[in-house]
*Asks:* 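Let me give you the structure first, and then I'll get to my questions.
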Amino acid sequence: SSLNTWEPGFCAVYHLNNFLDATAYHNDGANIGSTSASGFLGVGLGRQFNGTSRITVPRSNLLEPSNSLTVSLWMRRNGPQYDWATPVWYSLNDVDPYGPYGFEFNNSSDNELGFHIGNGTSFRYASTGTTISDNTWYLLTGTYDGSNDRIYINGAPIASILIACPIGQYGSIGLTRNRTGIHRIP
């Protein structure tokens, strides 16, 4: 896409055909084992992840907000997920609460998603409470405005929880962790 497509408020945009950030900020990614797959409605390119494959993006101050953010992606689940599988995650993933933000599948119900917000000592997440069916494309959006963590599916608000704390404990972003299936970052 053209750099003129994305306004300065977009800190990163990935189409997954070359792992390059489509914004002027160049938060480019590196593929570690994912394979090509058709994208949403057969348009564009998606990625297939096998549970150990991932795409990583180095740390960037632009991707480390403290008071508000929005994360959005297209995703299609292809069967059971690993415990706490994460379609998009920003973190070192090495100590509890395992990062400042991202989408994760529930540990006890691997077909339910949440949008996680953490500050280095605790975390909360808005849970969909909705079954994410296999072989169905979903537009997932998570937002945090400094006091509310919200999750949307296909543009509809699903859940919101109060969490008044700054976002923190930054590491590197991963476009998947312990994830199987296909997803596309618009």
Side-chain angles (χ1 to χ4, degrees), residues 1-78 81-82 84-95 97-105 113 115-120 123 137-144 151-152 166-186:
S1 63
S2 166
L3 293 178
N4 298 328
T5 304
W6 309 105
E7 64 184 51
F10 285 84
C11 295
V13 175
Y14 303 96
H15 297 284
L16 300 184
N17 58 337
N18 60 14
F19 317 108
L20 300 178
D21 178 6
T23 71
Y25 300 116
H26 303 288
N27 291 305
D28 299 335
N31 181 35
I32 301 173
S34 72
T35 56
S36 296
S38 63
F40 180 63
L41 298 177
V43 177
L45 182 66
R47 301 305 295 180
Q48 175 78 35
F49 297 94
N50 65 14
T52 60
S53 57
R54 62 194 179 280
I55 297 168
T56 61
V57 175
R59 286 185 72 169
S60 166
N61 289 339
L62 288 170
L63 302 175
E64 298 181 358
S66 60
N67 294 314
S68 65
L69 80 141
T70 299
V71 177
S72 188
L73 74 138
W74 283 99
M75 184 197 81
R76 183 178 79 194
R77 176 190 142 102
N78 287 352
Q81 305 302 303
Y82 292 88
W84 302 109
T86 55
V88 172
W89 199 252
Y90 195 103
S91 162
L92 292 172
N93 296 323
D94 57 355
V95 295
Y98 303 106
Y101 64 87
F103 287 98
E104 63 187 348
F105 280 91
L113 274 167
F115 186 62
H116 170 113
I117 296 291
N119 66 5
F123 76 94
W137 282 101
Y138 294 93
L139 172 60
L140 302 176
T141 303
T143 65
Y144 178 65
I151 190 167
Y152 300 79
I167 308 167
Q169 188 190 342
Y170 285 105
S172 63
I173 190 171
L175 298 186
T176 183
R177 180 191 72 173
N178 296 337
R179 168 87 176 97
T180 60
I182 299 171
H183 68 272
R184 178 173 188 258
I185 311 297

*Asks:* Would you indicate whether the side-chain heavy atoms of L140 and I151 approach each other to under 4.5 Å?
*Replies:* no

*Asks:* Suppose we screen for side-chain hydrogen bond (donor to acceptor under 3.5 Å, both in side chains). Which residues come up paired with S34, at least two apart in sequence or across chains?
*Replies:* N31, R47

*Asks:* Show your working on side chain to side chain contact (heavy atoms under 4.5 Å, CB included) between L113 and Y138 and close with a plain yes or no.
*Replies:* CA-CA 11 Å; L113 274 167; Y138 294 93; over 6 Å; no

*Asks:* For D28, what residues pass the side-chain contact (heavy atoms from CB on, under 4.5 Å) criterion, not counting sequence neighbours?
*Replies:* L20, D21, H26

*Asks:* Supply the atom-to-atom distance T143 OG1 to Y101 OH, rounded to the nearest 0.5 angstrom.
*Replies:* 13.5 Å

*Asks:* Which residues pass the side-chain contact (heavy atoms from CB on, under 4.5 Å) test with S68, not counting sequence neighbours?
*Replies:* none

*Asks:* Under the ring-ring contact (aromatic ring centres under 6.0 Å, His included) test, which residues partner F103, sequence neighbours left out?
*Replies:* F115

*Asks:* Do F49 and I55 touch side chain to side chain, with heavy atoms closer than 4.5 Å?
*Replies:* yes

*Asks:* Side-chain contact test, heavy atoms from C-beta onward, threshold under 4.5 Å: evaluate it for P65 versus Y144 and give yes or no.
*Replies:* no

*Asks:* What heavy-atom pair brings A12 and L63 nearest, and what distance separates the two atoms?
*Replies:* CB-CD2, 3.9 Å

*Asks:* Does N27 offer a backbone N or O that forms a donor-acceptor pair with the side chain of Y14 under 3.5 Å?
*Replies:* yes

*Asks:* Could you tell me whether the side chain of T23 reaches within less than 4.5 Å of the side chain of C11, counting heavy atoms only?
*Replies:* no

*Asks:* What pairs with T35 under side-chain contact (heavy atoms from CB on, under 4.5 Å), at least two apart in sequence or on another chain?
*Replies:* Q48

